[in-house]
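Okay, so here's the structure we're looking at.
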Amino acid sequence: MRPIPSFALAAIAGIALAATTPPAQSQISVSIGAAPACPYGYYDYAPYSCSPSGYYGPQYFNSGVFIGVGPWFHGPAEFHGTVDNRLDPQHGYTGARPNVGEKAAPRDKAAAFQGNEERDGRGHVAEGKK
């Protein structure tokens, strides 16, 4: 009978120890707080600044109330809505934006929405919809 090499014994011992080690418990908790109280919605990326009127299309509103995006979006997985990314600072917009807590300005007539990009509720550009 041939003797078992020492490295083989070490490998067998390592496997036996790993098999008897209890699994480690881990937990990650992220608290995002309440959605920003913005009159026309907020951008779908941190720091979730208020977006100007006309950034979000009508799909993002239910009876005039913003439905939420980003971490506060709880709509259907297949949701797609249109945005006007010309009003997005990540696309060069430097114009006026409302502050958190401001109220929407009264409108006499709804302006025609001029969206140019389709996204899901979590801020991802929909495939082929840019």
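The structure displayed is predicted, hence computed values, not measured ones.
F79 and G121 make their closest contact through CD2-N, 3.5 Å (heavy atoms, listed as atom of the first residue, atom of the second, distance). Here the closest non-hydrogen pair linking N99 and P39 is O-CD, 4.2 Å. P98 approaches P52 most closely through the heavy-atom pair CD-CA, 3.9 Å.
Between the Y42 side chain and the V69 main chain, a donor and an acceptor come within less than 3.5 Å of each other. With W72 contributing its side chain and P36 its backbone, the two residues share no donor-acceptor pair below 3.5 Å.
No side-chain heavy atom of P71 sits under 4.5 Å from any side-chain heavy atom of R122. In this structure the side chain of Y40 never reaches within 4.5 angstrom of the side chain of F66, judged on heavy atoms. No side-chain heavy atom of Y56 sits less than 4.5 Å from a side-chain heavy atom of I67. Residues N116 and R86 are in side-chain contact: their nearest non-hydrogen atoms beyond the backbone lie under 4.5 Å apart. Between E118 and V125 there is no side-chain heavy-atom pair separated by less than 4.5 Å. No side-chain heavy atom of T94 sits less than 4.5 Å from a side-chain heavy atom of P89. Side-chain contact between R97 and S49 is present, with heavy atoms from C-beta onward closer than 4.5 Å.
Taking CZ of F113 as the reference point, atom OG of S53 lies at 10.0 Å (rounded to 0.5 Å).
Side-chain N/O atoms of Y43 and D88 include no donor and acceptor closer than 3.5 Å. Q114 and D84 form no side-chain donor-acceptor contact under 3.5 Å, judged by distance and modelled atom types alone. There is a side-chain donor-acceptor pair under 3.5 Å between T82 and Q59.
Under the 4.0 Å criterion applied to side-chain N and carboxylate O atoms, R119 and D44 are assigned as salt-bridge partners.
One hydrophobic cluster, built from ILVMFWY side chains closer than 4.5 Å, cannot hold both L87 and V100; they sit in different ones.
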